[in-house]
Amino acid sequence: MYDEYLSKALSDLIVARQAIDTYKTNTKLKDMKNMASYHIQQAIEKVLKYSIYNSQSQNGNKIQELYTHNLDLLIKNYCVKYGITVPKKIVKNAKEYTRWEAESRYSLNYSIRIDSIVSAMIETEDWLVSLKPSYKSNVAHFRSKYKV
């Protein structure tokens with residue numbers, strides 16, 4: 001029922017991969033790293049919300065619309081409560097990834113290491129494929145097209 005969240009997450013990951021590719025081919029466009037990090041944070045948030053809403057629905061609970069970008073809060077208050085498995089790297093770095101939602105777009109001096117961005121992106125892609133195996137070919141296609 002909430003598969004659209006996964007479709008949107010896939011789109012965010014594709015845009016992130018394109019932004020990283022642009023950054024790597026033209027390093028004068030350093031803000032592309034920030035755009036990539038924003039879209040990765042959005043993908044993580046959408047996968048979390050998909051998992052939470054799906055779990056609430058399956059358990060017969062009233063679906064509570066979640067209006068937050070705070071990944072750490074989503075994990076601690078909902079994923080733990082519903083027994084939703086979240087990759088360890090995402091749990092460990094949830095506070096940092098949450099910062100990517102706003103600071104990457106609005107803070108003029110904010111910069112994120114490219115290796116941190118790529119690592120988060122790959123972890124999120126793998127997580128997405130584990131939840132929706134039919135996306136494996138899409139992820140593989142964009143991984144080969146935009147080698148980061």
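Quick caveat: nothing in here was measured; it's all calculated off a predicted structure. Residues: numbered from 1 along the sequence shown.
- By the 4.5 Å heavy-atom criterion applied to side chains, Val148 and Arg17 are counted as neighbours.
- Residues Ile20 and Lys33 are not in side-chain contact: their nearest non-hydrogen atoms beyond the backbone lie 4.5 Å or more apart.
- Nearest approach of Asp72 to Thr98, heavy atoms of both residues: N-OG1, 3.9 Å.
- Atom-to-atom distance recorded for Asn109:CG and Glu103:CD is 11.0 Å, nearest 0.5 angstrom.
- Side-chain contact check for Leu13 versus Val139: every heavy-atom pair is 4.5 Å or farther apart.
- The heavy-atom pair separating Cys79 from Leu48 by the smallest distance is SG-CD2, 3.6 Å.
- Using a 4.0 Å cut-off between charged side-chain N and carboxylate O, Arg143 and Asp21 make no salt bridge.
- Side-chain heavy atoms closer than 4.5 Å link hydrophobic residues (I, L, V, M, F, W, Y) into clusters, and following such links, even through other members, never connects Ile14 to Tyr38.
- At a threshold of 4.5 Å between side-chain heavy atoms, the hydrophobic network of Ile, Leu, Val, Met, Phe, Trp and Tyr places Met35 and Tyr110 in two separate groups.
- A cation-pi arrangement is absent between Lys145 and Phe142, since the terminal nitrogen or guanidinium carbon is not both under 6.0 Å from the aromatic centre and inside a 45° cone about the axis.
- Heavy-atom contacts from other residues, nucleotides or ligands closer than 6.0 Å to NZ of Lys8 number 12 or fewer.
- Linking Ile, Leu, Val, Met, Phe, Trp and Tyr residues whenever their side-chain heavy atoms come within less than 4.5 Å places Ile112 and Leu29 in a single cluster.
- Taking OG1 from Thr68 and CG from Leu73, the interatomic distance works out to 5.5 Å, rounded to the nearest 0.5 Å.
- For the 3.5 Å distance criterion, the side chains of Lys30 and Ser111 fail to qualify, holding no donor opposite an acceptor.
- Glu123 and Trp127 share no donor-acceptor pair across their side chains, judged by distance under 3.5 Å alone.
- Within the model, atoms OG of Ser51 and CD1 of Ile84 stand 5.5 Å from one another, a figure rounded to the nearest 0.5 Å.
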Discussion item. Checking Tyr53 against Tyr2 for the ring-ring contact (aromatic ring centres under 6.0 Å, His included) test, could you report, in this order, the C-alpha distance in whole Å, the side-chain angles of both residues, the deciding distance, and whether it holds?
Written reply: CA-CA 7 Å; Tyr53 295 155; Tyr2 297 97; 5.5 Å; yes

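- Lys89 contributes atom NZ, which lies 9.0 Å from atom CG of Asp126 (distance to the nearest 0.5 angstrom).
- Val15 and Leu10 end up in different hydrophobic clusters when Ile, Leu, Val, Met, Phe, Trp and Tyr side chains are linked at under 4.5 Å.
- Heavy-atom minimum distance, Ala16 versus His39: CB-CB, 4.1 Å.
- Residues Ser104 and Asn34 approach most closely at O-CB, 3.1 Å, considering heavy atoms.
- Of the possible polar contacts, one joining the Thr25 side chain to the Thr22 backbone as a donor-acceptor pair under 3.5 Å is found.
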Fill in: Residues Asn70, Lys95; criterion side chain to side chain contact (heavy atoms under 4.5 Å, CB included); working and verdict
CA-CA 8 Å; Asn70 187 325; Lys95 288 181 183 175; 6.0 Å; no

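- Aromatic ring pairs are classed by plane angle as parallel below 30°, tilted from 30° to 60° and perpendicular above 60°; the pair Tyr82 and Tyr78 is parallel.
- Between Ser37 and Ile40, every side-chain heavy-atom pair lies at or beyond the 4.5 Å cut-off.
- The heavy-atom pair separating Val47 from Ala9 by the smallest distance is CG2-CB, 3.8 Å.
- Taking 4.5 Å as the limit, every side-chain heavy atom of Ile90 sits out of range of all side-chain heavy atoms of Leu71.
- A salt bridge links Arg105 with Glu101: the closest approach of a Lys/Arg side-chain nitrogen to an acidic carboxylate oxygen falls below 4.0 angstrom.
- At least one donor-acceptor pair closer than 3.5 Å links the side chain of Ser144 to the backbone N or O of His141.
- Thr124 OG1 to Lys46 NZ: the interatomic distance, rounded to the nearest 0.5 Å, is 12.0 Å.
- At least one side-chain heavy atom of Glu96 sits less than 4.5 Å from a side-chain heavy atom of Trp100.
- Taking the side chain as every heavy atom from C-beta outward, Glu4 and Ser7 approach each other to under 4.5 Å.
- Side-chain contact check for His69 and Gln41: no donor-acceptor pair (N or O, by modelled atom type) lies under 3.5 Å.
- Rounded to the nearest 0.5 angstrom, Tyr5 OH and Leu128 CG are separated by 15.0 Å.
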